[in-house]
Amino acid sequence: MAARDELERTASMKLDHRICPTGEAVVDLGGDLDILSADVAVNYVTDVIDRHRGPVTVNLTALAFCDARGLAALVRMAGYADRKGCPFRLASPSPRLIKIMRITRLDRRFLTSQASALAPGEFVRQADLFKTAASIAEIQDQDQ
C-alpha cells in the first residue's frame, strides 16, 4: 500500500538515466519536482551516484515545475555528490528555474560564467553547495 501511495504522489515526475560513451551518467528529471516528489528524486539520483561512481549530470530539459522543496532536493543531490567526490552538474534549467535560483541566490552556487566547457544556461555544483539548504528552509518557512 505504501509503494502505491508513493507512486501516486510522484506520478507527475519522470526519472530515467543513461550512461554516455564518455562515462558520464545523465539523469533525466522531468515533470514536477516538488514537495511530493523531492525525496524520491533525491533517492534516485543518489542511487545513480552510488552505483555509477563517475560524473553525473541532471538534465532538467523536461522539468515543468520546481518549488522550494524541489530546489532543496537539487541542493541535496549536489551535496551528496560532493561528499562522494562525484562531479555533478545541472543541465538545461528553464528560465523559470533560473529565476527561482536567482531569488534564492543559488545562481551564485550553480551558475559559472567561467566554465567555458559548458553550454550557455548550464549549471555546475560548487564545493559548499550543500550549505545553502538551510537558506532554502528559511525561505520555505517564510512562505508558509
Side-chain angles (χ1 to χ4, degrees), residues 1-20 22-113 115 118-144:
M1 186 68 167
R4 183 177 176 196
D5 291 342
E6 184 84 6
L7 181 62
E8 288 175 9
R9 288 188 324 201
T10 60
S12 62
M13 182 181 59
K14 295 168 184 59
L15 291 165
D16 193 18
H17 76 279
R18 63 193 177 284
I19 307 301
C20 297
T22 60
E24 176 181 32
V26 177
V27 176
D28 295 309
L29 199 156
D32 297 342
L33 182 58
D34 57 18
I35 192 168
L36 298 176
S37 61
D39 288 340
V40 172
V42 169
N43 290 338
Y44 187 89
V45 172
T46 57
D47 185 56
V48 170
I49 290 167
D50 286 341
R51 288 204 261 155
H52 178 59
R53 305 253 184 227
V56 174
T57 296
V58 176
N59 178 12
L60 303 174
T61 302
L63 187 65
F65 175 78
C66 182
D67 67 5
R69 196 64 63 114
L71 193 58
L74 297 174
V75 171
R76 288 170 51 204
M77 292 171 198
Y80 186 83
D82 187 47
R83 290 187 299 277
K84 293 290 186 169
C86 172
F88 181 90
R89 70 180 179 160
L90 301 179
S92 303
S94 69
R96 275 187 252 157
L97 184 56
I98 292 170
K99 182 177 180 178
I100 195 170
M101 285 181 182
R102 286 188 178 133
I103 290 168
T104 59
R105 297 186 180 167
L106 284 174
D107 60 325
R108 297 176 186 175
R109 303 288 186 205
F110 284 111
L111 182 61
T112 64
S113 58
L118 297 177
E122 287 190 335
F123 292 78
V124 294
R125 174 230 4 108
Q126 292 182 5
D128 64 343
L129 180 63
F130 65 94
K131 294 178 185 175
T132 62
S135 298
I136 292 171
E138 289 174 350
I139 291 166
Q140 289 173 338
D141 290 342
Q142 291 171 1
D143 288 343
Q144 293 176 354

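Count residues from 1 along the sequence. These figures come from a predicted structure and were not determined experimentally.
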**Student:** Could you grab the distance from atom CG of L90 to atom OG1 of T57, nearest 0.5 Å is fine?
**Tutor:**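 Going from CG on L90 over to OG1 on T57, the span is 8.5 Å.
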
**Student:** Between N43 and D39 (side chain of the first, backbone of the second, donor and acceptor by atom type, cut-off under 3.5 Å), is there such a pair?
**Tutor:**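 Flag set: sc N43 to bb D39 pair under 3.5 Å.
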
**Student:** Are the side chains of R18 and D28 in touch, meaning some heavy atoms are under 4.5 Å apart?
**Tutor:**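 Yes. Closest side-chain heavy atoms under 4.5 Å.
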
**Student:** Measuring only between side-chain heavy atoms, which start at C-beta, is L29 closer than 4.5 Å to M77?
**Tutor:**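 Heavy-atom side-chain distance check passes, below 4.5 Å.
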
**Student:** Could you go step by step and tell me if V56 and K84 meet the side chain to side chain contact (heavy atoms under 4.5 Å, CB included) rule?
**Tutor:** CA-CA 12 Å; V56 174; K84 293 290 186 169; over 6 Å; no

**Student:** Just how far is it from atom CG of D107 to atom CZ of R105, taken to the nearest 0.5 Å?
**Tutor:**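 Reported to 0.5 Å precision, the distance equals 9.5 Å.
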
**Student:** So do Y80 and D50 actually touch side chain to side chain, heavy atoms under 4.5 Å?
**Tutor:**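 Yes, their side chains come closer than 4.5 Å.
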
**Student:** Please report the shortest heavy-atom distance between A81 and I49, naming the atom on each side.
**Tutor:**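 It is CB-CD1, 3.7 Å.
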
**Student:** Can you find a heavy atom in the side chain of L71 that is under 4.5 Å from one in the side chain of L97?
**Tutor:**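 Of all side-chain heavy-atom pairs linking L97 with L71, at least one is under 4.5 Å.
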
**Student:** Determine which pairs satisfy ring pair (Phe, Tyr, Trp, His ring centres under 6.0 Å) with at least one residue from residues 23-48, sequence neighbours left out, and list them in order.
**Tutor:**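 Output for this query lists H17-Y44.
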
**Student:** So, taking the atom named OG1 in T46 and the one named CZ in R51, what distance separates them when rounded to the nearest 0.5 Å?
**Tutor:**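 Nearest 0.5 Å value for the OG1-CZ distance: 10.5 Å.
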
**Student:** Over all heavy atoms of both residues, which pair between C86 and G54 is shortest? Give the atoms and the distance, please.
**Tutor:**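 Heavy atoms only, the tightest pair is SG-O, 2.9 Å.
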
**Student:** What's the shortest heavy-atom distance between L15 and A41, and which atoms?
**Tutor:**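 Heavy-atom minimum between the residues: CD1-CA, 4.0 Å.
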
**Student:** Walk me through it: do L106 and L74 pass the test side chain to side chain contact (heavy atoms under 4.5 Å, CB included)?
**Tutor:** CA-CA 10 Å; L106 284 174; L74 297 174; over 6 Å; no

**Student:** For D32, is there any backbone N or O sitting under 3.5 Å from a side-chain donor or acceptor partner on S37?
**Tutor:**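 Looks like yes, one N/O pair under 3.5 Å.
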
**Student:** Can S94 and L60 be said to form a side chain to side chain contact (heavy atoms under 4.5 Å, CB included), step by step?
**Tutor:** CA-CA 7 Å; S94 69; L60 303 174; over 6 Å; no

**Student:** Using every non-hydrogen atom in the two residues, find where R69 and A38 come nearest and quote the distance to one decimal.
**Tutor:**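 Heavy atoms of R69 and A38 come nearest at O-CB, 3.8 Å.
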
**Student:** Among L36, I35, I100, which one satisfies side-chain contact (heavy atoms from CB on, under 4.5 Å) with D67?
**Tutor:**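 Exactly one pass, corresponding to I35.
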
**Student:** With distance as the sole test, does D34 use its side chain to make a donor-acceptor pair with the main-chain N or O of F65 at under 3.5 Å?
**Tutor:**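 Pair absent, no side-chain N/O of D34 close to backbone of F65.
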
